[in-house]
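The next block holds one structure in the form of structure tokens; read it before the comments.
The chains referred to below are lettered A, B, ... by the order of the sequence lines, with proteins before strands, and numbering in each begins at 1.
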Amino acid sequence: MSRTDDAYDVIVVGSGAAGGMSAYVLACEGIRVLMLEAGRDYDPVGETPMFNLPKDAPLRGADTPDKPFGFYDATVDGGWRVPGEPYTSGEGVDFLWWRARMLGGRTNHWGRISLRMGEYDFKPRSRDGLGFDWPMSYADLAPYYDKTETLIGVYGSNEGLENTPNSSPGVLQPAPAPRADELLTKNGCEPLGIPVIPAHLAILSEKQDYRRLPAYLHPSNRLAQKVTQDAMQARAACFWATPCGRGCSIKANFQSTTVLLPPALATGNLTIRTDAMVYEVTLHKDGRTSGVRYVDKRSGNHVTAQARVVVLAASACESARILLNSKSAAFPDGLANGSGLVGKYLMDTVGAGVRGQIPAMENMPAHNADGASGMHMYMPWWLYQDQAKGELDFARGYHIEFGGGRRMPSGNSFTGLEKLTAGSYGKQFKDDCRRYYGSFIGFSGRGEMIPNEDCYCEIDPQEKDRWGIPVLRFQWRWSDHELNQVRHMQHTFKDIIEAMGGRTTTPVYDDGADAIKKPGEIIHEVGGARMGADPTSSVLNQYCQAWEVPNLFVTDGAAFVSNADKNPTLSIMAVAWRACDYLVQELRSRNIA
Amino acid sequence: MARVRLPRARTQIEKYRVSELIAREGGLNRRMAMKVMVALGLGSTGVARGQQARLEAKPNVGPAGTLSDPELKQAIVPWERTLSESQLATLAVLCDLILPADQRSPSASQLGAHEFIDEWVSAPYERQLQDRAVLFEGLEWLDGESNRRFGSSFVDVTADRRHQVCRDICNLPDATEPHRLGARFFALVRDLTATAFWTTQEGMDDLGYVGNVPLPKWEAPPKAVLEHLGLE
């Protein structure tokens with residue numbers, strides 16, 4: 001069954017960081033947008049369990065296969081598996097693909113860590129001969145980082161450290177004061193030469209200046225100013241309680257659903273259709289796109305929607321899947337895949353961690369350590385010069401995320417204490433729990449992976465999802481750069497814990513292969529339709545426009561050429577904004593469609 | 001927290017769209033879902049009606065009430081607890097041996113730790129099913145050991161005798177071979193008891209957890225904390 005939809009200027013597939021930003025920028029410019037989201041409608045204001053305690057949840061909120069980040073995690077119908085929508089991995093590969101079937105996608109649950117890529121990160125091949133250069137420089141994207149940070153609200157500070165860019169004056173919100181465990185860590189890191197500086201998180205530490213900022217973001221666009229002002233005014237500053245991963249009913253943190261979609265809708269130029277699972281981009285006879293086909297999940301009907309331009313923003317892998325499944329006589333290997341690079345050079349972030357127990361943090365006086373729930377401090381990569389001199393056995397860096405102290409007691413707070421308590425029970429165990437509560441801390445490395453030809457996604461020749469759409473199969477192999485980087489992480493974390501007078505409570509592996517998180521597990525998958533300087537070695541140009549199909553854009557992480565240690569969401573939004581500015585120009589000058 | 005209980009929980013059940021339990025793939029399996037349906041008195045007609053309703057549904061707004069899209073703000077435990085009265089009685093005794101009452105807080109069983117363990121081992125997930133096996137074996141071992149040593153089951157012997165058994169199984173890394181099964185069981189029950197106990201309001205108050213309240217302003221740690229850490 002099929003029916004044809006009204007024509008729109010642009011169809012945006014996906015409603016997360018890339019889709020939300022694309023729709024916001026386009027709708028603000030008067031472009032008529034149809035957004036198609038594969039999941040259900042979702043409202044963080046009404047649905048977020050803000051103060052609910054573990055005891056109010058099944059299993060005290062423990063993670064389950066149905067709610068893999070715990071009961072209260074915002075993710076709906078998703079996680080490592082989506083009911084009825086499988087994916088596969090090649091021989092010996094165990095790729096993990098986190099999806100969320102909901103309006104706003106994965107922005108509803110992410111860590112809000114918003115780090116800019118630096119100058120080195122856009123030209124990695126020029127610097128060390130590995131991987132590929134972006135077809136743009138930091139200077140090209142910097143204005144869009146400023147705008148994105150201003151729009152979504154990011155706290156942090158400008159420290160002027162190497163390849164760790166400053167934001168323009170007045171862009172960042174004030175960084176919250178460090179917690180006790182963060183100060184103790186900073187103290188321990190000092191003799192090790194590891195900088196501990198304010199983290200950048202997309203959380204409002206104060207109310208946005210809604211009178212001034214909209215005019216800066218949208219000079220001479222009164223509609224955009226008005227809707228942005230209203231949206232900013234509707235957001236409250238953080239009240240320093242409840243985890244961001246649940247969502248935020250007061251809109252203090254960034255979610256596409258609270259920050260991008262409301263102003264986009266308020267323009268009157270955006271229509272959102274949920275439960276619409278796009279699986280194919282359709283073509284005119286001349287090879288331009290005519291729209292998309294999707295499954296209406298409520299009825300099971302296959303529906304065609306038409307527009308002058310299609311913007312894929314379904315997440316790196318899902319966008320690659322749609323392109324690969326869009327086969328035609330003109331594009332037998334998938335749409336816009338003349339280079340053969342669709343699905344290729346997939347990357348995730350390199351991850352590994354070590355936990356420790358710090359005696360100095362035992363029996364700390366009671367105090368509120370909730371804060372912004374995410375980090376107030378972090379460690380940017382600090383050994384660029386050592387790498388330039390060839391003194392390390394891996395080419396790219398990592399930053400460190402960490403946290404501990406007197407957070408809300410959870411199911412994991414008091415398990416496996418035998419190593420410390422010699423198996424106490426009774427009154428002694430009760431006192432041991434009191435003593436050790438708040439004395440644990442965890443360190444996680446988040447490192448840059450170098451893209452390689454063994455890491456990609458392709459269409460599985462057999463498997464289909466519940467709608468009959470062929471699914472993705474993932475292939476993966478880490479290089480020594482990643483494994484050696486993980487070994488360095490492991491020893492660094494041990495050094496930090498010991499410098500704090502503590503002891504490790506999880507294994508410290510010398511072989512990176514034993515410690516590295518699984519591919520996909522950090523949920524930073526990017527690449528698969530990379531941008532580049534020419535059509536033979538890339539799928540998109542620097543404005544996310546397909547070389548072979550001028551009215552097709554891919555504005556999500558698929559466009560990434562490299563995957564710096566900087567968490568990708570902020571860069572996805574900045575790249576999408578820049579791409580959509582270009583798209584608006586091209587539409588107005590009638591260069592496309 | 002509300003629980004699926006019959007028959008008085010009827011209103012909660014309507015809120016929890018049980019039809020979705022059957023319709024979805026993965027997670028709660030069909031057998032378990034049927035069990036819930038039968039327990040609710042909906043039977044197979046209920047299933048058919050539920051599926052029909054799903055197909056005609058309007059745009060999906062708000063939680064579907066499935067295991068992967070549950071009501072987060074008014075959570076329910078959608079599976080039945082399955083431990084017997086005597087298993088629960090033994091667990092309650094054990095929970096209180098692990099975390100007894102004192103001046104600062106009640107005992108573990110007073111805060112429902114044994115009931116939480118019942119909820120845990122009755123859950124339809126692999127991890128919990130494994131724990132269920134350890135718990136069942138362990139409870140049997142405990143009574144067997146108590147009977148062997150003292151001629152009666154664990155709940156019926158004196159506190160002193162209970163401690164004699166617990167001392168042999170309380171430290172898994174040191175447990176000797178005849179006690180390893182018991183020690184694995186004890187470690188599980190201690191972990192679950194601690195989880196249950198310290199995540200209640202009473203447990204959090206005991207620990208001095210003072211968060212989860214909105215603050216007008218975020219402040220640096222108090223001086224006493226910095227002094228404690230040697231940072232001042």
Side-chain angles (χ1 to χ4, degrees), chain A residues 40-41 47 49 51-60 64-67 71-72 76-77 81 83-84 176-180 183-184 187 239-242 274-275 298 360-361 364-371 406 408-411 413-416 418 422-423 425-427 429-430 433-434 437, chain B residues 1 24-27 57 59-64 67-70 72-73 75 77 97-100 102 116 119-120 123 125 166 170-174 187 190-191 194-196 198-201 203-204 206-215 218-222 224-226 228-231:
Chain A
R40 73 161 169 88
D41 195 3
E47 295 189 37
F51 292 96
N52 299 40
L53 294 171
K55 74 170 173 56
D56 299 319
L59 307 176
R60 293 299 203 260
T64 67
D66 284 309
K67 295 286 292 183
F71 182 79
Y72 288 128
V76 164
D77 266 337
R81 60 185 204 194
R179 302 177 180 89
L183 290 170
L184 192 69
N187 195 52
F239 53 35
W240 315 107
T242 95
T274 52
D275 305 300
R298 286 160 289 153
M361 286 162 58
M364 263 194 287
H367 66 284
N368 189 326
D370 281 1
R406 296 174 65 89
M408 181 187 280
S410 75
S413 302
F414 303 95
T415 55
E418 289 94 329
Y425 69 94
K427 183 174 174 356
F429 182 59
K430 212 169 185 181
C433 290
R434 290 163 178 157
Y437 166 61
Chain B
M1 183 191 345
R24 75 185 293 278
E25 299 172 20
N60 295 319
V61 181
L67 290 176
S68 58
D69 185 11
L72 299 180
K73 291 168 81 173
V77 179
L97 278 170
I98 288 166
L99 285 173
D102 64 5
F116 167 71
E119 172 188 319
W120 183 273
Y125 299 109
C166 287
C170 70
N171 194 11
L172 182 57
D174 288 354
R190 180 172 45 211
D191 280 355
T195 291
W198 297 112
T199 53
T200 60
Q201 192 59 58
M204 292 186 189
D206 180 326
L207 292 169
Y209 171 71
V210 293
N212 206 37
V213 289
L215 303 174
W218 175 252
E219 307 271 7
V225 173
L226 298 179
H228 182 89
L229 295 174
L231 295 174

Could you tell me which of [options] has the largest number of non-hydrogen atom pairs under 4.5 Å with chain A?
options: B:L207, B:T195, B:T200, B:V210; answer: B:L207
options: B:L172, B:I98, B:N212, B:L97; answer: B:N212
options: B:A187, B:A224, B:A194, B:C170; answer: B:C170

Name the option with the most non-hydrogen atom pairs under 4.5 Å to chain B; the candidates are [options].
options: A:Y425, A:F239, A:F71; result: A:Y425
options: A:A360, A:P409, A:G411; result: A:P409
options: A:A241, A:P365, A:G416, A:A369; result: A:P365
options: A:K427, A:H367, A:K67, A:M361; result: A:H367

### Task
Go through the structure and list residues passing salt bridge (Lys or Arg N to Asp or Glu O under 4.0 Å) with A:D370, not counting sequence neighbours.
none
### Message
So, using salt bridge (Lys or Arg N to Asp or Glu O under 4.0 Å) as the criterion, who are the partners of A:R179 when residues are at least two apart?
### Response
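Salt bridge (Lys or Arg N to Asp or Glu O under 4.0 Å) list for A:R179, sorted by chain: A:E182.
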Heavy-atom distances under 4.5 Å only: say whether [X] touches chain A with side chain, backbone, both or neither.
X: B:L229; answer: both
X: B:L231; answer: side chain
X: B:P100; answer: both

Would a 4.5 Å heavy-atom cut-off, applied to side chains only, mark [X] and [Y] as touching?
X: B:D191; Y: B:W120; result: no
X: B:L72; Y: A:E47; result: no
X: B:T199; Y: A:L53; result: no
X: B:W198; Y: B:Y209; result: no

#### Entry: Closest heavy-atom pair and its distance - A:M364, A:A180
SD-CB, 4.2 Å
With a 4.5 angstrom heavy-atom cut-off, could you sort out which part of [X] is near chain B: side chain, backbone, both or neither?
X: A:P176; answer: both
X: A:S413; answer: neither
X: A:Y72; answer: both

### Query
Do the charged groups of A:D77 and A:R40 touch, with an N to O distance under 4.0 Å?
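Salt bridge between A:D77 and A:R40, a charged N being under 4.0 Å from a carboxylate O: no.
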### Message
Can a donor-acceptor pair be found, under 3.5 Å and without considering hydrogens, that links the side chain of A:R406 to the backbone of B:G208?
### Response
yes
